[in-house]
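In this chain, numbering begins with 1 at the start of the sequence shown. Remember, it's a predicted structure, so these values are computed and weren't measured experimentally.
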Amino acid sequence: MARLAGVSRATVSYVLNNTRAVRISEPTRRRVHEAARELGYVPHAAARSLRAGHSRMVLIPAPSVPAGRLYGRFLHELQWALGRLDYTVVQHGTIGLPGDEAARAWAELRPVAVLVPGTGLGPQGVAVLKRSGARAVVTVGPEAVEGAHALLMDHASVGHQAGAHLYERGRRRIGVVVPEESGLDMFSRPRLEGVRRALDGTDGSVTELPLGYDEDSAARLAARWRGLGLDAVFAYNDEYAMLLMRALQDAGISIPEETAVIGADDLMLGRLLRPRLSTVHIDLPSGRDLAELVDRAVRDPGAPLERHPALGARVVHREST
């Protein structure tokens with residue numbers, strides 16, 4: 001490979017191992033990669049791990065709840081950014097296992113880092129992962145976990161923004177959709193509490209509305225809507241908002257005259273509805289920032305733990321409210 005690329009064997013090693021301590025020009029890097037492709041070279045992950053003393057695998061548990069478009073976009077950006085830093089991302093399915101038990105399954109693969117969305121992982125699970133060689137454990141959820149870096153997701157702020165907006169628009173009897181899908185409580189309950197906090201001390205009221213993600217469930221709720229006496233609804237997210245808004249309109253309830261509707265996530269489809277859907281726009285952390293946090297932790301596992309707020313929320317007002 002060195003002969004074909006016209007460089008030294010050391011240069012080939014530096015390029016293929018993405019060594020940052022040595023500066024190599026882009027044309028030289030291209031020649032080495034072209035030679036590797038021509039010769040059909042495939043890196044041996046186990047050998048690289050043995051030489052480095054750790055793997056380059058970043059393990060991300062597969063979500064146990066339906067992943068929406070917003071999370072999917074974030075995950076794609078994260079995988080791309082980690083790949084640019086020469087990590088291999090592996091999604092691991094451990095649905096049904098509790099957090100600390102799942103950690104033992106993840107540890108068998110000896111990842112250098114683990115990114116854990118949601119709740120469930122505790123200090124014991126973090127310790128298991130670190131004993132197995134994980135240099136970085138990062139949780140993405142509402143609370144920090146002892147021993148792990150954390151991106152703190154405040155879903156209550158999403159509900160607070162929605163509730164405050166509806167109240168400012170003159171709505172006083174506000175329903176809040178709580179999905180019946182398993183696993184969504186970690187998001188829906190904080191959003192419900194956020195609405196309650198927004199209306200605390202006012203003349204507004206909050207009504208919890210369980211709702212399945214299907215047309216029959218939405219139609220049943222719409223059929224008894226007028227009996228509930230509600231003049232607004234925060235529908236958890238844009239997908240539930242679209243489902244419920246269509247059912248309300250089919251039941252002859254005008255939007256927003258009789259009932260204002262707001263979702264969350266700011267999906268493109270919400271802008272195509274009539275009336276256009278008001279929403280809470282959610283700013284997730286960039287995949288690049290999270291990848292850099294992982295890389296820092298891998299390079300210096302003894303550094304102080306990092307804890308960052310990672311969710312911004314703002315209302316996008318459209319015709320449905």
Return the set of residues passing side-chain contact (heavy atoms from CB on, under 4.5 Å) with [X] (not counting sequence neighbours), or none when no residue passes.
| X | result |
| --- | --- |
| Asp289 | Ser286, Glu292 |
| Ala232 | Leu166, Arg171, Ile174, Ala260 |
| Glu143 | none |
| Val15 | Thr11, Ile24, Arg29, Val32, His33 |

Under 4.5 Å between any side-chain heavy atoms of [X] and [Y], yes or no?
| X | Y | value |
| --- | --- | --- |
| Arg191 | Ser188 | no |
| Leu211 | Tyr236 | no |
| Arg274 | Gln249 | no |
| Val137 | Leu121 | yes |
| Arg189 | Val178 | yes |
| Arg314 | Asp283 | yes |
| Val315 | Thr321 | no |
| Ile282 | Asp266 | no |

Glu146, CD atom: more than 12 neighbouring heavy atoms under 6.0 Å:
no
Does Gln124, at its CD atom, have more than 12 non-hydrogen atoms belonging to other residues, nucleotides or ligands within less than 6.0 Å?
no
Would you say [X] and [Y] are hydrophobically clustered, going by side-chain heavy atoms of ILVMFWY under 4.5 Å?
| X | Y | answer |
| --- | --- | --- |
| Leu290 | Trp80 | no |
| Leu284 | Val316 | no |
| Val114 | Met57 | yes |

Could you report the tightest heavy-atom contact between [X] and [Y], atom names first, then the distance?
| X | Y | result |
| --- | --- | --- |
| Ala218 | Leu243 | CB-CG, 3.7 Å |
| Leu209 | Gly175 | CD1-CA, 3.8 Å |
| Ala219 | Ala247 | N-CB, 4.1 Å |
| Leu184 | Pro179 | CD1-CB, 3.7 Å |
| Gly212 | Glu180 | N-OE1, 3.4 Å |
| Ala103 | Leu129 | O-CD2, 3.6 Å |

Check ring pair (Phe, Tyr, Trp, His ring centres under 6.0 Å) between His165 and all other residues, then give those that pass, not counting sequence neighbours.
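With sequence neighbours excluded, His165 shows a ring pair (Phe, Tyr, Trp, His ring centres under 6.0 Å) to His317, given in chain and number order.
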Of all residues at least two apart in sequence or in a different chain, which pass the ring pair (Phe, Tyr, Trp, His ring centres under 6.0 Å) check with His160?
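Not a single residue meets the ring pair (Phe, Tyr, Trp, His ring centres under 6.0 Å) criterion with His160.
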Do [X] side-chain atoms and [Y] backbone N/O form a donor-acceptor pair below 3.5 Å?
| X | Y | result |
| --- | --- | --- |
| Glu319 | Pro275 | no |
| Asp238 | Gly270 | no |
| Thr202 | Gly204 | yes |
| Arg172 | Asp203 | no |
| Arg318 | Leu277 | yes |
| Arg9 | Arg3 | no |
| Asn237 | Ala264 | no |

Only counting residues at least two apart or in another chain, list the ones meeting salt bridge (Lys or Arg N to Asp or Glu O under 4.0 Å) with [X].
| X | result |
| --- | --- |
| Arg31 | none |
| Arg104 | none |
| Glu215 | none |

Can you measure from [atom1] ([X]) to [atom2] ([Y]) and round to the nearest 0.5 angstrom?
| X | Y | atom1 | atom2 | answer |
| --- | --- | --- | --- | --- |
| Met245 | Leu273 | CE | CG | 4.5 Å |
| Thr88 | Gln79 | OG1 | CD | 11.0 Å |
| Ile60 | Leu82 | CD1 | CG | 6.5 Å |

Presence of salt bridge, Asp200 and Arg196, under 4.0 angstrom:
no
Between Arg299 and Asp295, is there a salt bridge with N-O shorter than 4.0 Å?
yes
Could you give all pairs that pass the side-chain hydrogen bond (donor to acceptor under 3.5 Å, both in side chains) test and reach residues 216-233, with sequence neighbours left out?
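Every side-chain hydrogen bond (donor to acceptor under 3.5 Å, both in side chains) pair that includes a residue of residues 216-233, provided the two are not neighbours, is Trp225-Thr259, Arg226-Glu258.
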If you look only at pairs with a residue in residues 128-156, which of them pass as a ring pair (Phe, Tyr, Trp, His ring centres under 6.0 Å), with sequence neighbours excluded?
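The answer is His155-Phe187.
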Can you pull out every ring pair (Phe, Tyr, Trp, His ring centres under 6.0 Å) where at least one residue sits in residues 191-213? Sequence neighbours excluded, please.
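Listed by first then second residue: Tyr213-Tyr240.
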